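This report concerns only the one structure given below.
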Amino acid sequence: MSTVQGRLRIAVQKSGRLAERSLDLVRDAGLRVVKGNNELLYRIENYPIDLLRVRDDDIPTFVADGVCDLGIVGENVLEEVKNGGPNAEVVMPLGFGRCTLKIAVPPTLDYAGPQSLDGLRIATSYPKILRRFLDESGVAADIVTMRGAVEVAPRLKLASAICDLVSTGATLEANGLTPKETVLDSQAVLIKSPTAPEAGLQHLLDSLIERMAGVVSSQGAKYVMLNAPRSALDAITAILPGAGSPTVMPLSGRDDAVAVHAVCQEAVFWETLEKLKAAGASAILVLPIEKMM
C-alpha cells in the first residue's frame, strides 16, 4: 500500500454487538488504530485511512452516499434501510455477528404458519423487512414499530406476536415467547460505496478488501500436518474437513509413506483426529491459521 494525499473512510459501529469485532477485523488486516480526541473519529496510523464510529443504522447511508468508502454492518440493518436510491454494495460476509430475525408468539396463539398472523398486530424494530415477508407470504397484518423491548409487546397487549432478532433465544424464553418463523438470517457484512474513491486511493481500497478477505478466510481454518501410508492416502484425504487437494510429499527413506499438509476450512474436532488415526495417519499436528490469502 502506498501513501497518497487523500484518505479512505471506513464506517463501523460505535457501540453494540458488532463494535469490538469490527475493530478486531480492522486490526487483523494490519491497520494500527489510534483513538482520536473524540469517539466519532479514529485514525489509522500506518495508512491514510479514517474510522468513523457511528450508529449502526447510519452506516449503510454513509456508505451509499459516498461519505465513507467501506462499512461494516449487520445484514439486518442493511436490509431495513434500503430505499429506492443508490445502495451500498455487499463485498463479502464476515462470519461474525450472526443472528436471526424471527417471528415469535406467546403460548396463547395457535401458530400453524404465516397465515396464522392474518389480521393480527405484530411488533418489530424492522418494519420494512417484516412487511416484505408478510407481502411475500400473502399475509395482511398490522405492524407496530418499536425501537426497543419488542419482546414485552404481547404481555402489554400491544401486539399478538413479535418479529425480533434472536441469538440465544434466552430473552424470548424469559418473556414466554416461542420462535416460530425465520424472516432473515443475518451476519456482519463488508459493504462498499457505489462511488469510486479518488484515483490515488483505489489501489489502497482494493488492497484493504483483499486483506480483510484473507482474515475472514482464516477464521476457523486449521493447518493440518500428518504422516500417512500411501495406501491410505485417499481415505485420509476424504476425512480432512474442507481440505480440497492437500500437499503430499515423500518421507525421507520410506517409499510406503508420505507427509500430508492441508488447509482445512472447516472445524477440526477430536473426532476428526481419531478418524485420521484409525485410517493410518500418525504424527498428526493441527495449527491455527492467522492470515490466509
Side-chain angles (χ1 to χ4, degrees), residues 11-22 53-64 71-85 87-88 90 93-189 191:
V12 297
Q13 192 179 42
K14 181 178 181 180
S15 60
R17 62 192 185 88
L18 301 185
E20 285 304 316
R21 293 295 300 273
S22 298
R53 303 176 68 248
V54 295
R55 287 167 29 125
D56 57 352
D57 50 0
D58 287 332
I59 293 174
T61 303
F62 280 21
V63 176
I72 299 173
V73 69
E75 288 176 289
N76 54 302
V77 175
L78 183 64
E79 289 296 316
E80 183 62 25
V81 302
K82 276 185 177 179
N83 52 43
N87 288 302
V90 176
L94 298 176
F96 63 85
R98 295 183 186 274
C99 60
T100 307
L101 187 63
K102 285 183 174 289
I103 289 174
V105 302
T108 53
L109 177 58
D110 185 15
Y111 189 85
Q115 295 302 322
S116 302
L117 302 170
D118 204 66
L120 301 182
R121 288 161 59 90
I122 309 169
T124 187
S125 297
Y126 298 92
K128 288 184 181 179
I129 298 176
L130 177 58
R131 176 54 65 194
R132 184 178 63 198
F133 171 81
L134 294 174
D135 289 346
E136 290 173 353
S137 301
V139 175
D142 293 329
I143 295 175
V144 179
T145 302
M146 299 178 66
R147 293 305 169 197
V150 175
E151 63 277 359
V152 303
R155 197 164 67 239
L156 298 178
K157 307 300 182 183
L158 293 173
S160 300
I162 72 166
C163 179
D164 201 17
L165 287 181
V166 178
S167 51
T168 66
T171 302
L172 293 182
E173 184 179 353
N175 287 274
L177 300 173
T178 303
K180 293 292 186 179
E181 200 81 39
T182 297
V183 174
L184 177 74
D185 288 315
S186 176
Q187 64 176 300
V189 292
I191 57 175

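Computed over heavy atoms, backbone and side chain alike; hydrogens, waters and symmetry mates excluded. Values in this document were obtained by computation on a predicted structure and should not be read as measured data.
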Item checked: Minimal non-hydrogen separation, Leu78 against Val189, with atom names -> CD2-CG2, 4.3 Å
Checklist line | salt bridge (charged side-chain N to carboxylate O under 4.0 Å, His left out) against Asp57, all qualifying residues, sequence neighbours excluded | finding: Arg55
Margin query: Test of understanding: with side chain to side chain contact (heavy atoms under 4.5 Å, CB included), list the residues that count as partners of Glu79, not counting sequence neighbours.
Written below: Lys82, Ile129, Arg132, Leu184
Item checked: Contacts of Glu80 that satisfy salt bridge (charged side-chain N to carboxylate O under 4.0 Å, His left out) - sequence neighbours left out -> none
Enumerate donor-acceptor pairs with a distance under 3.5 Å from any side-chain N or O in residues 12-20 to protein atoms, sequence neighbours excluded.
{"from": "Gln13", "atom 1": "OE1", "to": "Leu18", "atom 2": "N", "distance (Å)": "2.9"}
{"from": "Gln13", "atom 1": "OE1", "to": "Ala19", "atom 2": "N", "distance (Å)": "3.2"}
{"from": "Gln13", "atom 1": "NE2", "to": "Ser15", "atom 2": "O", "distance (Å)": "3.4"}
{"from": "Gln13", "atom 1": "NE2", "to": "Asp56", "atom 2": "OD2", "distance (Å)": "3.4"}
{"from": "Arg17", "atom 1": "NH1", "to": "Gly97", "atom 2": "O", "distance (Å)": "2.8"}

Which donor-acceptor pairs under 3.5 Å do side chains of residues 134-141 form with protein atoms, sequence neighbours excluded?
{"from": "Ser137", "atom 1": "OG", "to": "Phe133", "atom 2": "O", "distance (Å)": "2.9"}

Notebook entry, point to check: Looking at residues at least two apart in the chain, or sitting in another chain, which of them share a side chain to side chain donor-acceptor pair (under 3.5 Å) with Asp142?
Noted result: none
Margin query: Within this structure, what is the CD1-NZ distance for the pair Ile143 and Lys128, rounded to the nearest 0.5 Å?
Written below: 12.0 Å
Next item on the list: Return the minimal non-hydrogen interatomic distance between Val105 and Ala161, and the atom names on each side.
Entry: CG1-CB, 3.8 Å
Next item on the list: Compare every heavy atom of Leu158 with every heavy atom of Val144, then report the nearest pair and how far apart it is.
Entry: CG2-O, 3.8 Å
Next item on the list: Go through the structure and list residues passing side chain to side chain donor-acceptor pair (under 3.5 Å) with Asp118, not counting sequence neighbours.
Entry: none
Note to self: Tell me the closest heavy-atom pair linking Ile59 and Gly71, and the distance in Å.
What the structure shows: CG2-CA, 4.1 Å
Check: Tell me, do Phe62 and Asp58 make a side-chain contact under 4.5 Å, heavy atoms counted?
Finding: yes
Next item on the list: List in chain and number order the residues that pass side chain to side chain donor-acceptor pair (under 3.5 Å) with Ser116, two or more places apart in sequence or in another chain; answer none if no residue qualifies.
Entry: none
Check: Residues in salt bridge (charged side-chain N to carboxylate O under 4.0 Å, His left out) with Arg21, at least two apart?
Finding: none
Note to self: Show, in sequence, the C-alpha distance, side-chain angles and deciding distance for Leu117 and Ile103, and conclude whether the side chain to side chain contact (heavy atoms under 4.5 Å, CB included) test is met.
What the structure shows: CA-CA 10 Å; Leu117 302 170; Ile103 289 174; 3.6 Å; yes
Check: What residues form a side chain to side chain contact (heavy atoms under 4.5 Å, CB included) with Ala88, not counting sequence neighbours?
Finding: Val63, Ile191
Item checked: Main-chain N/O of Met146 paired with Ser125 side-chain donor or acceptor, under 3.5 Å -> yes
Note to self: Within the 4.5 Å heavy-atom criterion, are Phe96 and Ile72 side-chain neighbours or not?
What the structure shows: yes
Margin query: Please find the pair of heavy atoms, one from Cys163 and one from Thr124, that lie closest to each other, and give the distance.
Written below: O-OG1, 2.7 Å
Counting only pairs under 3.5 Å, give me each side-chain donor-acceptor contact of residues 171-182, with atom names and distances, residues two or more places apart or in other chains.
{"from": "Asn175", "atom 1": "OD1", "to": "Arg155", "atom 2": "NH1", "distance (Å)": "2.8"}
{"from": "Asn175", "atom 1": "ND2", "to": "Thr171", "atom 2": "O", "distance (Å)": "2.9"}
{"from": "Glu181", "atom 1": "OE1", "to": "Tyr111", "atom 2": "OH", "distance (Å)": "2.6"}
{"from": "Thr182", "atom 1": "OG1", "to": "Lys102", "atom 2": "NZ", "distance (Å)": "2.7"}

Margin query: Could you walk me through whether Leu109 and Leu120 satisfy the side chain to side chain contact (heavy atoms under 4.5 Å, CB included) test, starting with their C-alpha distance in whole Å, then the side-chain angles of each, then the deciding distance to 0.1 Å, before giving a yes or no?
Written below: CA-CA 11 Å; Leu109 177 58; Leu120 301 182; 3.9 Å; yes
Note to self: Tell me every residue that passes side chain to side chain donor-acceptor pair (under 3.5 Å) with Thr100, counting only those two or more places apart in sequence or in another chain.
What the structure shows: Asp185
Checklist line | Main-chain N/O of Asn76 paired with Ser186 side-chain donor or acceptor, under 3.5 Å | finding: yes
